[in-house]
There are 2 protein chains.
Amino acid sequence: MAETVRWLTPEEQHAWRSFTRLHERLGGRLSRLLQAESNLSGPDFAVLVHLTDVPDGRQRYQELTRALDWEKSRMSHHIARMAGRGLVVREDCPEDGRGAFVVITDAGRAAIEAAAPRHVEAVRELFLDHVTPSELRVLAQLSERVVNKLDDDQR
Amino acid sequence: MAETVRWLTPEEQHAWRSFTRLHERLGGRLSRLLQAESNLSGPDFAVLVHLTDVPDGRQRYQELTRALDWEKSRMSHHIARMAGRGLVVREDCPEDGRGAFVVITDAGRAAIEAAAPRHVEAVRELFLDHVTPSELRVLAQLSERVVNKLDDDQR
DNA sequence: CAAACCTAGTTGACACTTCATCGAACTACG
DNA sequence: CGTAGTTCGATGAAGTGTCAACTAGGTTTG
């Protein structure tokens, strides 16, 4: 049944490639900026942002993993590296012997506070400033719909 | 001048996060499918697709690098790995002693021909089927504009 | 021609991600 | 209780991507 493949039309192909390319470029630029100016990677940033949004800056690995939608082993490796740099510390959990907390340190807070304004500016300069409000609405709707769809048929 | 930061509005924040998440999920799913069903990674696929589009399935590293917009060292590492799996071979260039060609092998052609239909189907099922033609147009336009902008101020 | 410069690709070190697997600790159920 | 199954997080190996330094082959220029 090789015949049944619905190949992409030129428009579809173009849209798909542009979209893909956009993300590659944007992601590359943003993470390079973050790295150069704050010595943080994108994932570092995501972890720190989340931890500052949570009581006492501490959260179980498990919840952090769910919140960022990472794999648990990725979290484990990544937190170990961040702990090595003093951005967070790991603490055992008294209630659950298996569990552990990730806690942001003062150095971690300092790093995220230094990085955030610059990062937001970059998101604006590189992306939001070049997209109209109505385009942004379309993009948000479409993204949300597709993400929900992906999450749905994950189960 | 901490005052001058233009933080994101809730709409902007939501759009940005949805967009980012879309890319993560979609990329993850597509590459996992490709890997599971064809034993090819996304980058493998990109290289093979490009090589099948080119006379004799051979091209200089340099041009391949430009076409895919990769760094040269990434290309060098990646081709070495692909060559190790027999998907391509490296050939010296007679005209320019520094240069080299990447050439797709029969195994490489077989792999891409097996993978392509399934990959296209997946792009449809996971993405295109959930986006209206008009949304797709908006997305394509916006992506192209922003990519061009990024490329411009790269120089 | 030779020195200075540029270009093609390689290499090694390191960061990052996934996968498979593991041990320890909790939970449920007979 | 006790064991079967699940969940938490750690670990090691392999693939991937980036950066900086390097080799070697061209090119330019005095």
Side-chain angles (χ1 to χ4, degrees), chain A residues 23-36 38-47 58-85 87-103, chain B residues 23-25 27-48 58-103:
Chain A
H23 247 306
E24 285 168 0
R25 304 290 174 95
L26 208 45
R29 287 284 283 276
L30 286 174
S31 67
R32 227 163 294 131
L33 261 178
L34 215 48
Q35 188 69 58
S38 318
N39 203 33
L40 292 177
S41 69
D44 294 339
F45 188 82
V47 168
R58 55 192 278 121
Q59 194 166 39
R60 287 285 297 269
Y61 273 75
Q62 185 199 174
E63 291 176 55
L64 194 52
T65 297
R66 244 197 304 279
L68 300 187
D69 195 36
W70 285 12
E71 306 219 346
K72 60 186 181 177
S73 103
R74 176 182 180 187
M75 190 61 74
S76 184
H77 281 303
H78 203 89
I79 295 300
R81 283 187 301 257
M82 288 179 74
R85 292 189 289 147
L87 298 170
V88 297
V89 293
R90 191 201 122 95
E91 283 183 10
D92 287 331
C93 176
E95 298 99 41
D96 186 333
R98 301 165 294 182
F101 288 97
V102 184
V103 191
Chain B
H23 180 67
E24 285 169 1
R25 305 287 175 96
R29 287 283 284 276
L30 286 174
S31 68
R32 229 163 291 133
L33 260 177
L34 215 47
Q35 188 69 57
E37 303 192 352
S38 316
N39 203 32
L40 293 178
S41 70
D44 295 338
F45 188 83
V47 167
L48 293 177
R58 54 191 279 120
Q59 196 168 38
R60 287 285 295 269
Y61 274 72
Q62 187 197 177
E63 291 176 55
L64 194 52
T65 296
R66 245 198 302 280
L68 300 186
D69 196 34
W70 285 11
E71 304 218 348
K72 61 185 181 175
S73 105
R74 176 182 179 184
M75 190 61 74
S76 184
H77 283 304
H78 202 88
I79 295 300
R81 285 187 301 255
M82 289 180 73
R85 291 189 289 147
L87 298 169
V88 297
V89 292
R90 192 200 120 98
E91 283 182 11
D92 286 332
C93 175
E95 299 98 39
D96 187 333
R98 302 163 296 182
F101 288 97
V102 183
V103 191

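Order of the sequence lines fixes the chain letters, A, B, ..., with proteins taken first and strands second; residue numbering starts at 1 for each chain. What you see is a predicted model; the values in this text were computed from it and never measured. For the numbers below, each heavy atom of this structure counts, side chains included, while hydrogens, waters and symmetry mates do not.
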Touch class at under 4.0 angstrom, heavy-atom based, for A:Thr65 against every strand present | nothing
Who pairs with [X] by side-chain hydrogen bond (donor to acceptor under 3.5 Å, both in side chains), at least two apart in sequence or on another chain?
{"X": "B:Glu63", "result": "B:Gln59"}
{"X": "A:Arg58", "result": "A:Glu91"}
{"X": "B:Gln35", "result": "B:Asn39"}
{"X": "A:His78", "result": "A:Asp44, A:Arg81"}

In terms of the nearest nucleotide of DNA chain D, which residue is placed more toward the 5' end: A:Arg90 or B:Arg85?
-> A:Arg90
For residues 66-73 of chain B, run the donor-acceptor check on the side chains, cut-off 3.5 Å, and write out each pair with its distance to 0.1 Å, sequence neighbours left out.
from    : atom 1 : to      : atom 2 : distance (Å)
B:Asp69 : OD2    : A:Arg25 : NE     : 2.8
B:Asp69 : OD2    : A:Arg25 : NH2    : 3.0

Could you tell me which residues satisfy salt bridge (charged side-chain N to carboxylate O under 4.0 Å, His left out) with B:Arg98, sequence neighbours excluded, listed by chain and number?
-> B:Asp96
Could you give the distance from CD1 (A:Ile79) to CZ (A:Arg74), rounded to the nearest 0.5 Å?
-> 10.5 Å
Could you state the atom-to-atom distance from [atom1] of [X] to [atom2] of [N] in whole Å?
{"X": "A:Met75", "N": "D:dC8", "atom1": "CE", "atom2": "P", "value": "13 Å"}
{"X": "B:Arg81", "N": "D:dA13", "atom1": "CZ", "atom2": "P", "value": "18 Å"}
{"X": "B:Leu68", "N": "D:dT16", "atom1": "CG", "atom2": "C1'", "value": "15 Å"}
{"X": "A:Gln35", "N": "D:dG17", "atom1": "CD", "atom2": "P", "value": "17 Å"}

Of A:Pro94 and B:Ser76, the one whose closest nucleotide on DNA chain C sits nearer the 5' end is B:Ser76
Determine, for nucleotides 19-25 of chain D in 5'-to-3' order, which nucleotides have protein heavy atoms under 4.0 Å from the base (write B), from only the sugar-phosphate (write S), or from neither (write -).
-> BB---BB
Nucleotide range of DNA chain C lying under 4.0 Å from chain B heavy atoms | C:dT7 to C:dC19
A:Phe45: ring-ring contact (aromatic ring centres under 6.0 Å, His included) partners, not counting sequence neighbours = A:His119
